[in-house]
Amino acid sequence: MEKFVKLTGVAAPLPVVNIDTDMIIPKDYLKTIKRTGLGKGLFAEARYKEDGSENPDFVLNKPAYRNTQILVAGDNFGCGSSREHAPWALLDFGIRCVISTSFADIFYNNCFKNGILPIVVSPENLEKLMDDASRGSNAVLTVDLENQEITGPDGGTIKFDLDPFKRHCLLNGLDDIGLTLEKAASIANFEKANAVAHPWA
């Protein structure tokens, strides 16, 4: 998993509450278990018209936000079903950070397993960041995970809290497999000792 230390990029505003996982990645795209290729389906029902052409009014189709890496969204982001395809789709599109006042628990935890940083801020700070994100190509934010702060285009900073273990995993690029591999030497020693103690096994 790619490490997350500091990210500077254009932030896209999505001031919609209760964005569920079906809106993030519609069910039509759930036929794969691969983590790649889902970016094209991200917010598909909002991004595309019925004829398959792009909806020019949707934020991610606007020139300033086509390569956004940070999403500033309304309350209760990622609610609905527990599909892990939702963070897969965000990551495949290029989004590494989502900022909101609240997240659905399963989606929140799935983000960390896939190298995405979900940040919880106060309603007041979300309003500031939403205003920053509305500046088009000037909507550049810097998210510093080591110092746990967001710096806006005008230089103002917002601090955020994060569980120390989740922070450690992101800073070091550790998903569940990576955490297990950190114990590879201990696992190998156990296997050797177990083979001696139980040669018949």
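In terms of modelled atom types and a separation under 3.5 Å, the side chain of S82 and the main chain of I106 share no donor-acceptor contact. In this structure, D131 contributes its side chain and E127 its backbone to no donor-acceptor pair below 3.5 Å. Looking only at distances, no side-chain donor or acceptor of T21 sits under 3.5 Å from a matching main-chain atom of G80. Judged by distance alone, with hydrogens and angles left aside, the side-chain atoms of S102 form a donor-acceptor pair with the main-chain N or O of N76 at under 3.5 Å.
At a threshold of 4.5 Å between non-hydrogen side-chain atoms, the residues N61 and P56 do not count as touching. Side-chain contact between N110 and K113 is present, with at least one heavy-atom pair separated by less than 4.5 Å. Side-chain contact between V140 and R135 is absent, with no heavy atoms from C-beta onward closer than 4.5 Å. At a threshold of 4.5 Å between non-hydrogen side-chain atoms, the residues F112 and L162 count as touching. Under the 4.5 Å side-chain criterion, counting only non-hydrogen atoms from C-beta, C97 is not in contact with L71. Residues R83 and D22 are in side-chain contact: their nearest non-hydrogen atoms beyond the backbone lie under 4.5 Å apart.
For CG of D161, the number of neighbouring non-hydrogen atoms (other residues, nucleotides, ligands) closer than 6.0 Å is 12 at most. Around atom CG of N147, more than 12 heavy atoms belonging to other residues, nucleotides or ligands sit under 6.0 Å away. Annotation for K159: atom NZ counts as buried by contact number, over 12 foreign heavy atoms lying within 6.0 Å.
In this structure, M1 and L170 approach most closely via the heavy-atom pair CE-CD2, 4.2 Å. Summarising the geometry of L145 relative to R167, their closest heavy-atom pair is O-NE, 3.3 Å, with the distance given to 0.1 Å. When every heavy atom of V10 is checked against every heavy atom of G136, the shortest pair comes out as CG1-O, 3.8 Å. Taking both residues in full, the closest heavy atoms of N114 and L91 are given as O-CD2, 3.1 Å, listed atom of the first, atom of the second, then distance. Looking at every heavy atom in both residues, P26 comes nearest to A44 through CG-CB, 4.0 Å. Looking at every heavy atom in both residues, D144 comes nearest to K6 through OD2-CE, 3.5 Å.
Linking ILVMFWY residues whenever their side-chain heavy atoms come closer than 4.5 Å, directly or via other members, places L117 and L171 in the same cluster. Under a hydrophobic clustering in which Ile, Leu, Val, Met, Phe, Trp and Tyr are joined whenever their side-chain heavy atoms come within less than 4.5 Å, directly or via other members, I95 and L7 fall into the same cluster. L38 and L42 are members of different hydrophobic clusters when ILVMFWY side chains are connected at heavy-atom separations under 4.5 Å. Using a 4.5 Å cut-off between side-chain heavy atoms of Ile, Leu, Val, Met, Phe, Trp and Tyr, with links allowed through other members, V143 and V120 fall into the same hydrophobic cluster. By the criterion of side-chain heavy atoms lying less than 4.5 angstrom apart, applied directly or through intervening Ile, Leu, Val, Met, Phe, Trp or Tyr residues, F93 is grouped together with V16 in one hydrophobic cluster.
C79 contributes atom SG, which lies 10.5 Å from atom CE of M23 (distance to the nearest 0.5 angstrom). Here the NE2 atom belonging to H85 is positioned 11.5 Å from the CG atom belonging to D92, to the nearest 0.5 angstrom. A distance of 12.5 Å separates CZ in R47 from OG in S53, rounded to the nearest 0.5 Å. Atom-to-atom distance recorded for N55:CG and E45:CD is 12.5 Å, nearest 0.5 angstrom. Within the model, atoms CG of L129 and CD1 of I99 stand 5.0 Å from one another, a figure rounded to the nearest 0.5 Å. Remark: F4 CZ to C169 SG distance equals 14.5 Å, nearest 0.5 Å.
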Working for side chain to side chain contact (heavy atoms under 4.5 Å, CB included), residues I119 and Q148:
CA-CA 10 Å; I119 298 176; Q148 293 180 214; over 6 Å; no

Given the rule in the side chain to side chain donor-acceptor pair (under 3.5 Å) test, do T101 and D75 qualify, once you have shown the distances and angles that lead to the verdict?
CA-CA 5 Å; T101 55; D75 305 340; 2.3 Å; yes

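Screening D132, I150, L126 for a side-chain contact (heavy atoms from CB on, under 4.5 Å) with V72, the sole residue that qualifies is L126. When each of I116, I25, V98 is checked for a side-chain contact (heavy atoms from CB on, under 4.5 Å) with P87, only I116 meets the rule.
Note: F107 and F103 have parallel aromatic rings, judged against thresholds of 30 and 60 degrees for the angle between ring planes. Note: F43 and F58 have tilted aromatic rings, judged against thresholds of 30 and 60 degrees for the angle between ring planes.
Ionic pairing of R96 and E2 is present here: one or more N-O contacts between side-chain nitrogen and carboxylate oxygen are shorter than 4.0 angstrom.
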